[in-house]
Amino acid sequence: MLTKVYSASIQGIDAFPVTIETYGDNGAMFSIVGLPDTAVKESQQRMVSAIKHSGITFPHRRTVINLAPADVKKEGAGFDLPMAIGVLTAHKMVSAEHLEDYMIMGELSLDGSVLPVKGVLPMAIKAREMGFKKLIVPEDNVTEAAVVNKIEVYGVKNLSEAIALISGTSDLLPTEIDTRGIFAAESSVFDLDFSEVKGQESVKRAFEVACAGGHNILMIGPPGAGKSMMAKRLPTILPPLSLGEALETTKIHSVAGKLSRGSMLMTRRPFRTPHHTVSSVAMVGGGSNPMPGEISLAHNGVLFLDEFPEFPRQVLEVLRQPIEDRTITVARAKYTVAYPASFMLVASMNPCPCGYYGHPTKHCTCTPSAVNKYMGKISGPLLDRIDIQVEIQPVAFDDMANTEPAERSEEIRKRVVKARQVQQSRFKNEKGIYCNAQMNTRLLKKYAWPDKEGLAKLKERMEKLNMSARAFDRILRVARTIADLEYTEKLSVEETVGTPVLSRHIAEAIGYRSLDRSDYGTTF
């Protein structure tokens with residue numbers, strides 16, 4: 001008898017359908033075809049044990065399993081459960097009456113338990129797109145899959161429960177969750193807050209500007225100045241994830257196997273902090289079994305690179321294209337996959353090898369050439385993609401001893417959200433442009449060109465500080481964001497869209513270009 005069981009596999013961050021065709025007949029041969037990898041080939045032994053432990057005698061007869069489409073490699077143990085169902089229905093040991101209603105996935109343990117698998121969320125989305133009415137997944141993955149509406153999702157603990165569902169004899173109910181309610185309740189809950197940061201008001205302001213315009217930011221300062229502490233609190237002032245962004249972000253983490261058991265949607269923006277020993281493949285993704293890298297896991301969130309110059313030059317240079325295109329394409333001989341990579345880059349570094357160049361009280365032991373060499377580890381093209389470069393000094397004792405609470409993240413976030421609303425209104429007709437950091441030259445001339453006084457001030461400061469030409473566009477982008485933050489305090493979102501960029505906005509933006517000074521590394 002020939003039966004068909006429907007499942008899915010992952011390619012990139014999306015799923016594609018896999019039809020498991022099982023043919024049972026007289027004989028003793030057992031074979032799996034359709035480009036299975038080693039894990040799929042080994043599933044025979046797991047199926048034999050799982051079926052026996054479920055109280056059913058394994059049919060030691062001729063069985064041929066074809067995984068269609070046959071020209072695409074099938075990887076992982078997620079086909080165990082659907083193949084076991086296929087074997088039992090093909091040999092008429094289980095009723096196949098309701099089989100076509102289900103898409104099935106899950107790994108089998110030797111005792112018949114169903115173990116969790118990666119990528120269940122995109123598989124559930126694909127099942128709904130294909131018109132399946134029901135979905136069988138491991139119990140540990142059921143809340144993840146139940147995020148997808150308009151499809152009944154059943155979480156099974158073992159093979160026996162799956163057989164009962166297929167046979168129509170189970171009283172198991174589909175899992176239902178209030179996605180929007182849970183998302184709204186958890187999207188603004190954080191363990192950290194900017195009110196815990198003492199002093200550093202100028203740096204907090206730079207963070208607010210960066211979040212408001214989607215700008216990348218680099219912090220330069222001595223050890224213990226609070227760079228990492230403030231960076232970890234950055235997600236608390238970023239705009240909340242939309243439901244669409246949360247779904248896309250969760251898909252990536254689901255494919256990478258980064259979701260904890262029983263988790264649902266990601267309700268907060270990701271914050272990724274790879275160590276400086278990370279490899280290029282780990283950063284961009286890929287590998288023999290393609291997986292998203294750190295820049296994709298930071299999609300819709302923050303990629304924090306501490307000790308920036310300590311990262312290998314090759315790893316830093318691979319960031320250049322994703323920062324601009326907000327996607328990364330991994331091309332290998334056997335596959336090509338595209339991963340989204342729209343992240344906010346936040347980096348921190350010491351000003352020199354010893355860390356105390358420019359420190360108000362501690363002496364720097366580095367020579368000017370050592371400082372220049374240390375700063376030279378970061379290439380010009382990469383610095384060109386960082387709009388805000390801010391210097392940090394140690395926190396004064398009076399600030400540390402101050403017991404009055406600082407401004408809470410919630411208050412800063414309100415201003416950031418309002419500024420982002422202005423940008424969404426401004427760029428609603430511009431494809432692929434969502435914030436000020438993404439403006440091209442045409443949009444800069446249209447929305448961020450300063451008045452005569454501001455242009456004169458920009459010329460004067462660029463000549464006086466001998467700034468590079470690449471700083472010009474960056475200053476205008478940041479000035480546009482500063483103007484948005486100022487005007488939204490006084491005007492409505494609609495009124496703020498067309499407001500001018502003035503000299504005071506230009507002056508503040510210039511202050512955020514520390515590394516463009518030609519004398520940096522020789523004097524302060």
Would you say that Met230 contacts Phe207 through its side chain, given a criterion of any heavy-atom pair below 4.5 Å between the two side chains? yes

Where is the tightest heavy-atom contact between Ile328 and Val284, given as atom of each residue plus distance? CG2-O, 3.9 Å

Between Ser425 and Glu494, is there a side-chain donor-acceptor contact under 3.5 Å, judged purely by atom types and distance? no

From CA spacing to verdict: side-chain hydrogen bond (donor to acceptor under 3.5 Å, both in side chains), Glu75, Ser9: CA-CA 8 Å; Glu75 299 172 337; Ser9 188; over 6 Å; no

Whether Asn216 side chain and Arg385 backbone form a donor-acceptor pair below 3.5 Å: yes

Given salt bridge (Lys or Arg N to Asp or Glu O under 4.0 Å), test Glu317 with Arg313 step by step and report yes or no. CA-CA 6 Å; Glu317 293 307 301; Arg313 183 68 171 257; 3.5 Å; yes

Quick check against the 3.5 Å criterion: does Glu508 have a side-chain atom that pairs as donor or acceptor with the backbone of His505? no

Of the non-hydrogen atoms in Glu245 and Asn300, which two are nearest, and what is the gap between them? O-ND2, 3.5 Å

With heavy-atom distances below 4.5 Å as the criterion, would you say the side chains of Leu319 and Ile295 are in contact? yes

Establish, yes or no, whether a centroid distance under 6.0 Å links the rings of Tyr447 and Phe427. yes

Is there a side-chain contact between Leu443 and Ile433, using heavy atoms and a 4.5 Å cut-off? yes

If only atom types and distance count, is the side chain of Glu495 paired as donor or acceptor with the main-chain N or O of Ser492 below 3.5 Å? yes

Counting distance only, does the side-chain N/O of Gln423 pair as donor-acceptor with the main-chain N or O of Asn436 below 3.5 Å? yes

Please check: side-chain N/O of Lys204 versus main-chain N/O of Val197, any donor-acceptor pairing under 3.5 Å? yes

Given the rule in the side-chain contact (heavy atoms from CB on, under 4.5 Å) test, do Val390 and Leu218 qualify, once you have shown the distances and angles that lead to the verdict? CA-CA 6 Å; Val390 58; Leu218 171 64; over 6 Å; no

Does the side chain of Val315 come within less than 4.5 Å of Ser279's, by heavy atoms? no

Rounded to the nearest 0.5 Å, what separates atom CG in Leu305 from atom CD in Glu310? 12.5 Å

Taking Asn350 for its side chain and Gly355 for its backbone only, find out whether a donor-acceptor pair lies under 3.5 Å. no

When you look at NZ of Lys373, are more than 12 heavy atoms from neighbouring residues, nucleotides or ligands closer to it than 6.0 Å? no

Nearest heavy-atom pair of Ala298 and Val302: which atoms, and what distance? CB-O, 3.7 Å

Assess, by modelled atom type and distance only, whether the side chains of Tyr154 and Glu152 contain a donor and an acceptor separated by less than 3.5 Å. yes

So, does Thr236 use its side chain to make a donor-acceptor pair with the main chain of Ser409 at under 3.5 Å? no

Do Thr273 and Asp306 come close enough that some side-chain heavy atom pair is under 4.5 Å? no

Modelled atom types, side-chain donor and acceptor of Thr327 and Asp325, under 3.5 Å: no

Rounding to 0.5 Å, atoms CE (Met266) and CD1 (Ile252) come to a distance of 9.0 Å

Any side-chain heavy-atom pair from Tyr374 and Met349 closer than 4.5 angstrom? yes

Between Ile475 and Leu458, is any pair of side-chain heavy atoms under 4.5 Å apart? yes

Phe311/His275 aromatic ring centres below 6.0 Å: no

Quick check: closest heavy atoms across Leu192 and Lys232, and the distance to 0.1 Å? CD1-O, 3.7 Å

Atom of Cys364, atom of Cys354 and distance for their closest heavy-atom approach: SG-SG, 3.7 Å

Output for pair (Gln424 CD, Cys435 SG), nearest 0.5 Å, gives 9.5 Å

Short question: side chain of Asn141, backbone of Glu144 - any donor-acceptor pair under 3.5 Å? no

Smallest separation among heavy atoms of Arg268 and Phe190, with atom names: CD-CE2, 3.5 Å

Between Ser254 (side chain only) and Thr250 (backbone N and O only), is there a donor and an acceptor less than 3.5 Å apart? no

Whether over 12 other heavy atoms sit under 6.0 Å from Lys362 NZ: no

Full working for side-chain contact (heavy atoms from CB on, under 4.5 Å) between Arg408 and Arg413: CA-CA 9 Å; Arg408 293 182 58 83; Arg413 193 185 211 188; over 6 Å; no

Checking side-chain hydrogen bond (donor to acceptor under 3.5 Å, both in side chains) for the pair Thr365/His363: CA distance, chi angles, key distance, verdict? CA-CA 6 Å; Thr365 60; His363 177 66; over 6 Å; no

Assess, by modelled atom type and distance only, whether the side chains of Tyr434 and Gln438 contain a donor and an acceptor separated by less than 3.5 Å. no

Gap between atom CZ of Arg426 and atom NZ of Lys446 - 0.5 Å precision: 11.0 Å

How long is the gap from CZ on Phe308 to NE2 on His276, to the nearest 0.5 Å? 13.5 Å

Could you go through the salt bridge (Lys or Arg N to Asp or Glu O under 4.0 Å) check for Asp14 and Lys251 one step at a time? CA-CA 8 Å; Asp14 296 312; Lys251 278 175 61 177; 2.8 Å; yes

Considering only heavy atoms from C-beta outward, does the side chain of Val346 approach that of Leu234 to under 4.5 Å? yes

Nearest 0.5 Å, please: how far is CG in Leu476 from CZ in Arg474? 11.0 Å

Any chance you could lay out the side-chain contact (heavy atoms from CB on, under 4.5 Å) test for Leu135 and Val137, step after step, and finish with the verdict? CA-CA 6 Å; Leu135 182 69; Val137 300; 3.7 Å; yes

Could you please spell out the steps behind the side-chain contact (heavy atoms from CB on, under 4.5 Å) verdict for Leu241 and Glu248? CA-CA 10 Å; Leu241 282 170; Glu248 187 177 30; over 6 Å; no

Main chain of Met229, side chain of Arg233: is a donor-acceptor contact present, judged purely on distance under 3.5 Å? yes

I'd like to know whether CD of Glu307 has more than 12 heavy-atom contacts from other residues, nucleotides or ligands below 6.0 angstrom. yes

Any luck finding a side-chain donor-acceptor pair between Thr499 and Arg480 under 3.5 Å? yes

